Amino acid sequence: MTKEIGRREGWSGPLLVLVVATAVVGYLALRVFQETATFDTDEADHANAILELYYALRGGTWDGIESAILRQSFYPPLHSLTALPVSFVLHPSLAASRLPSVIALLLYSILFVVLVRRAVGDSILSLTAGARTFAVMFCGLVAVTSPILVFNSALCMLEPLGALLMVLLLLVFAREGEEELSWNRIFLGATGVVLLFLTKYSFGIFALGGFGLFLLCQWFQGRVSFVRCIICAGYICLALAAWFLVSDWQKALSFVFDQPPARHALLSSENIFFYPRVFFRMHVVHPWVGVMILFFAILGLWNDVHRPIVQLSWCLFVIGFAALFLSPENGSRHIIPVIPPLFLLAAFGGAAFLEWGERTSGAFRLVWRSGCCLLVVGLLVTIFFRVQKFPETITKRYESKPYFANIFESIATLASRGPVLVEGLSDSMSLEGLRWWVAKDLEIPYTKVKVDGFPFTSFQKIRAPIHSRNEAAPWVESNVPDKPLSDTLQSGYYRSFVRIYGTAVYHRLNNISEGSKKDLSEEYLETLMSTFQEIHGVRVQIYSVPVPS
């Protein structure tokens, strides 16, 4: 009878977490299918890679498939490979590109529950079912309702997949004892590091540094031989070297060494406190939840510090956080893959927190249990009120606008007749998002889309090799980025020219030379287009969109 009660008690926590996760994922899936906002630049970078690989596989030529994979050097190809099945089921669409992130969140939620049950169940403490349930319930609810992870799961982004792979890496060592580490688990862990690298290089840096420090700690403690460490390092190096050699290694290295200037000085208060502020504001549903997570994490580290899984979690979190601190560019979503190890440490501490109270007797034990119950109830209430604001926040995360789709559809029609030049694009109404739309409508590979944005922003010659990120280079020769509009149109290459009002022309005027401002000024273009139906034989169309607030 007691065993049966313990079994039911042990499953109540995971079931509650999975119910909440299912509700969140169900809402996101519905939202993704209903959303008509086009891709901004960040989303389009990833969506274009999926679309290019989709058409390459449909074409059935090995050269096209190889090119579609190897061209993804700035952002590696694992995300597009894992997202590809959804495109084949649903066909290329906004929803098909975004749905893989929702699926990644669902798998992350399930595997995080499995991870906590496995890891905490083998704690050095003799835990009761109630302690394990509390750990799964509290830390699991925090993990699956992390606001910034939920928001990014509604977009075509890499972070949900990165968080999922980080949980898989931790799961490999969830039940590893304090004796010698098995070779199978070391090999699987090294493979997890490689997969994180092939998702995004920053994820790989977190994982490689953390996993390397973890193996070093295990070697000092006699749990792994030096030979195995060398073999593991060689395996990771060979796997990554193979990728860098077959892909554009210069583009890959530019991710690390060719970063934009730092927003803040390294030792400034803005940089030092940036990610702690982000954690309390965006990674937990309320600051008090963040305080409890940090308290439990410290307690878990103190209590189970000799366990390999605890040491691995600590190493991954510390190295990831340190790398982000030293990064020249702060970004709130960059820390997402670093957070699961912290939540796992908190699960150890949460289980120990309840277990210490269980060892007492009488009224104090009852008070202790009541306090833990109040923590869970308080968390559920906090989640309930915070989740009500999720729809509004997710709407803001779609930086592009639904009405851009009508303009993109018209431009795709023009693109079917010949090359198109577009002026007035912005980060939210992006050139890459427009190229994705045209490729989808015309059912052609992304690199065959002959649509450019003016003014040009790179020194590229016609049909030049692909430049940074996953973008296609301008088709027209543009040795001078601020080449006058009239000269560009007079070249005779473009069949249509589209001028879009109300997006980014105003602030772009401040970033170009004085000599070319007359060709882009509002008055010049207004007069020119109201006077002529054609400019140097190029068909002109004008669109107006609301000016962003």
Side-chain angles (χ1 to χ4, degrees), residues 8-35 101-113 116-117 130-155 159-160 163 167 277-297 332-333 336 339-340 342-344 346-347 349-351 353-354 368-398:
R8 290 200 302 268
E9 184 184 11
W11 278 104
S12 59
L15 285 176
L16 177 61
V17 174
L18 292 178
V19 166
V20 173
T22 302
V24 172
V25 168
Y27 165 74
L28 288 180
L30 182 64
R31 180 63 186 266
V32 161
F33 277 106
Q34 293 178 339
E35 185 57 54
S101 296
V102 180
I103 297 173
L105 177 63
L106 176 62
L107 295 176
Y108 167 84
S109 304
I110 296 172
L111 292 178
F112 187 82
V113 169
V116 174
R117 281 182 60 84
R132 293 195 298 271
T133 299
F134 175 74
V136 172
M137 195 178 297
F138 190 87
C139 296
L141 288 172
V142 173
V144 302
T145 59
S146 172
I148 195 167
L149 178 59
V150 172
F151 301 155
N152 278 271
S153 297
L155 307 172
E159 280 71 21
V167 170
R277 285 197 298 265
V278 165
F279 172 75
F280 285 108
R281 292 176 181 176
M282 306 182 72
H283 288 270
V284 289
V285 291
H286 195 275
W288 80 262
V289 179
V291 172
M292 291 305 304
I293 287 293
L294 291 181
F295 171 74
F296 285 156
S332 57
R333 72 173 184 270
I336 288 177
I339 297 301
L342 179 66
F343 288 159
L344 179 59
F353 181 76
L354 179 59
W368 196 266
R369 285 183 173 182
S370 301
C372 290
C373 289
L374 285 175
L375 275 178
V376 175
V377 172
L379 176 59
L380 286 171
V381 172
T382 304
I383 289 173
F384 175 77
F385 284 106
R386 181 65 189 273
V387 164
Q388 290 182 328
K389 298 180 180 179
F390 277 9
E392 179 185 353
T393 309
I394 290 174
T395 299
K396 294 179 181 178
R397 293 282 167 170
Y398 287 110

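Just so it is clear, the model here is predicted, and its values are computed rather than measured.
- With hydrogens and angles disregarded, a donor-acceptor distance shorter than 3.5 Å links the side chain of R386 to the backbone of V285.
- Around the CD atom of E392, the shell of radius 6.0 Å holds no more than 12 heavy atoms that belong to other residues, nucleotides or ligands.
- Residues A297 and L342 approach most closely at CB-CD1, 3.7 Å, considering heavy atoms.
- When each of V144, L106, V20 is paired with V25, the side chain to side chain contact (heavy atoms under 4.5 Å, CB included) condition holds for L106 and for no other.
- Between the S146 side chain and the H283 main chain, a donor and an acceptor come within less than 3.5 Å of each other.
- Taking each heavy atom of V113 and P14 in turn, the nearest pair found is CG1-CB, 3.5 Å.
- The closest side-chain heavy-atom distance from F353 to C372 is below 4.5 Å.
- For the side chain to side chain contact (heavy atoms under 4.5 Å, CB included) criterion with L379, the lone passing option out of V381, V376, I383 is I383.
- We find the CG-CD1 distance between L28 and I103 to be 12.0 Å, quoted to the nearest 0.5 Å.
- The distance from atom CD1 of I394 to atom CZ of R31, rounded to the nearest 0.5 Å, is 6.0 Å.
- Shortest non-hydrogen contact noted between V167 and P340 is CG2-CB, 4.0 Å.
- Between F343 and F112, the ring-plane angle classifies as perpendicular under the 30° and 60° cut-offs.
- Within the model, atoms CZ of R397 and CZ of R333 stand 9.0 Å from one another, a figure rounded to the nearest 0.5 Å.
- At least one side-chain heavy atom of S332 sits less than 4.5 Å from a side-chain heavy atom of I148.
- Proximity of the aromatic rings of Y27 and F390 is defined here by a centroid distance below 6.0 angstrom, and this criterion is not met.
- In this structure, N152 CG and S101 OG are separated by 8.0 Å, a value rounded to the nearest 0.5 Å.
- The heavy-atom pair separating F296 from A346 by the smallest distance is CB-O, 3.3 Å.
- Residues C139 and I293 share a closest heavy-atom pair of SG-CD1, 4.3 Å.
- Distance CZ/F280 to CG/L294: 4.5 Å, rounded to 0.5 Å.
- Ring geometry, W288 versus H286: the interplanar angle falls from 30° to 60°, so the pair is classed tilted.
- With contacts defined as side-chain heavy-atom distances shorter than 4.5 Å, the pair E159/L149 does not qualify.
- Shown here is R281, whose CZ atom has no more than 12 heavy atoms of other residues, nucleotides or ligands within 6.0 Å.
- The distance from atom OG of S370 to atom CG of L375, rounded to the nearest 0.5 Å, is 11.0 Å.
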